[in-house]
Amino acid sequence: MQGNNSVILAIETSCDETAAAVVCGGKIVSNVVATQAVHAQYGGIVPELAARAHQQRLIPVVEQAMKKANVTLSRLNAVAFTQGPGLLGALLVGISFAKAVAFSLDIPLIAVHHMRAHILSNFIEAPYPTFPLLGLNVSGGHTQLIFAKDHMCMEVIGETQDDAIGEAFDKIGKLMGLSYPGGALIDRYAQQGDPHRFQFPATNMPHLNFSFSGIKTAFLRLLDEYQSKDVQFLAKHRNDLCASIQATLIGMLLDKLKKAVSQTGIKTIAIAGGVAANSGLRSRLQHLARQEGWAVFIPQLAYCTDNAAMIAITAHYQYLSGDFCDLKVTARSRMPL
Ligand code: KG4
Ligand code: ZN
């Protein structure tokens, strides 16, 4: 059961996806995402361009989401937005728009934490996980293990000390000359490669923390060494390189997940974030779940990468508990859970 009949418009502009969704009584009735292609030519996200693209696209995206949901502005009970973490200029576009809607319609405003929303993307479609659960957020900006007591109460119990796992995928993709972001391409090539062909040293940080910057350097060294002997090395071994590096990265995630399960005794696991789209991670997790007796939840692909449906479902729970903010609220590039 997902509660009352409130109708909420949700906006997501924290990074390079301009997104809007409408949730009615806990059910997502529309979800529109416009990905910004402008960054690919620069090999990474250019914050200024992201903010400008949000400015151009937000209103058409919202109009489309409202139309698909078949609701008018007068039917809205609240408007929600991503407060942070994210790119400040990008967040400001969404927050300003949401404030204008809340002010003009005189409806409550809901500030949503982007990482909490990633975890709650597992509550968009049934079957829903039960609490308490262990969340694993794996995106381009974050890698964190989360203890969630309920929809509203979450705590980070481990996180990366340097690069995020998605960032590692993308940087390694760049070293191989793949277009940005490289994560999904590495996944695709890995499916045709041998994961045991090359060995990379996995970094094991203390406690439940992660580090992904060393492995990128190890990859670069291996590439330089073999390329200096054979200029065709990369072209000949691309699939095996992708499969091997991906297997190492996933292994680092799963080792910490196992440790978190044994420390907390929690066997309900909810994965989220762009890297949760990775087919290797998904299949190894399903395998581990059967082996260890875990209940694993992974959102469908469209809800793994940044989207507004996850902001909307989080806003729904905040609406139910009366968690509103006033018009003085500001965007936060860094934001604790
Ligand atoms: O959650 P997300 O859409 O945005 C952030 O909040 O960061 O995640 C984007 C990240 C990028 O690093 C991208 O390369 C990675 O998710 N990604 C993947 C796959 N699809 C997206 N990484 C590995 N395998 C994939 N299939
Ligand atoms: Zn995200």
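Whatever order the structure lists ligands and atoms in, that order sets their numbers, starting from 1.
Of all atoms in ligand 1, listed by their number and element, those nearer than 4.0 Å to a heavy atom of Ala277 are 20 (N), 26 (N). Proximity to Gly141 (heavy-atom distance under 4.0 Å) selects the following atoms of ligand 1: 7 (O). Heavy-atom proximity to Pro181, at under 4.0 Å, picks out these atoms of ligand 1: 14 (O).
In terms of protein heavy-atom proximity, atom 13 (C) of ligand 1 is nearest to Asp170 OD1, 3.8 Å. Shortest contact from atom 9 (C) of ligand 1 to any protein heavy atom: Gly140 N, 3.7 Å. Protein heavy atom closest to atom 24 (N) of ligand 1, with residue, atom name and distance, is Asn278 ND2, 3.0 Å. The protein heavy atom nearest to atom 15 (C) of ligand 1 is Val275 CG2, 3.9 Å. Residue, atom and distance of the protein heavy atom nearest to atom 3 (O) of ligand 1 are Asp306 N, 3.0 Å.
Qualifying salt bridge (Lys or Arg N to Asp or Glu O under 4.0 Å) partners for Arg188, counting only residues two or more places apart in sequence or in other chains: none. Under the rule for a side chain to side chain contact (heavy atoms under 4.5 Å, CB included), the partners of Gln246 that lie at least two apart in sequence or sit in another chain are Phe169, Ile186, Asp187, Ala190, Ile250, Asn278.
Among Ala184, Ala276, Ser14, Gly280, the residue whose heavy atom lies nearest to atom 19 (C) of ligand 1 is Ala184. Remark: among candidates Gly183, Ser279, Gly274, the nearest residue to atom 20 (N) of ligand 1 is Gly274, based on non-hydrogen atoms.
Distance check: Leu241 CG to Leu234 CG gives 6.5 Å after rounding to the nearest 0.5 Å. Of the inter-residue distances, the one linking Lys171 atom NZ with Phe219 atom CZ reads 14.5 Å to the nearest 0.5 angstrom. Atom CD1 of residue Ile298 and atom CD of residue Gln286 lie 4.5 Å apart, to the nearest 0.5 angstrom.
Annotation for Phe103: atom CZ does not count as buried by contact number, only 12 or fewer foreign heavy atoms lying within 6.0 Å.
Using modelled atom types and a 3.5 Å distance limit, the side chains of Lys256 and Asn209 yield no donor-acceptor pair. Counted by atom type alone, Ser6 and Asn4 present one or more donor-acceptor pairs between their side chains at under 3.5 Å. Counted by atom type alone, Ser211 and Gln161 present zero donor-acceptor pairs between their side chains at under 3.5 Å.
Among protein atoms, those of element N, O or S found less than 2.8 Å away from the Zn ion (ligand 2) are His114 NE2, His118 NE2, Asp306 OD1.
Under a 4.0 Å heavy-atom criterion, His114 is in contact with ligand 1. Contact between Cys15 and ligand 1 is absent, with no heavy atom of the residue lying under 4.0 Å from the ligand. Ligand 1 lies within reach of His118, whose nearest heavy atom is under 4.0 Å from it.
Considering backbone and side-chain atoms alike, Gly166 places an N or O below 3.5 Å from some N or O of ligand 1. Ligand 1 has no N or O atom lying under 3.5 Å from any N or O atom of Thr305, backbone or side chain.
The part of Asp187 lying near ligand 1 is the side chain, judged by heavy-atom distances below 4.0 Å.
Under the 30°/60° scheme for interplanar angles, the aromatic rings of Phe210 and Phe212 are found to lie parallel. Aromatic ring orientation, Tyr128 versus Phe123: parallel (interplanar angle below 30°, classes split at 30° and 60°).
Tyr226 carries Lys229 over the face of its six-membered ring, with the cationic atom under 6.0 Å from the centre and within 45° of the normal.
Using a 4.5 Å heavy-atom cutoff, the side chains of Gln263 and Ile157 are not in contact.
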Give every donor-acceptor pair under 3.5 Å between a side-chain atom in residues 307-314 and any protein atom, sequence neighbours left out.
| unit_1 | atom_1 | unit_2 | atom_2 | d |
| --- | --- | --- | --- | --- |
| Asn307 | OD1 | Ala309 | N | 3.0 |
| Asn307 | OD1 | Met310 | N | 2.8 |
| Asn307 | ND2 | Tyr303 | O | 3.2 |
| Asn307 | ND2 | Thr305 | O | 2.8 |
| Thr314 | OG1 | Met310 | O | 2.7 |

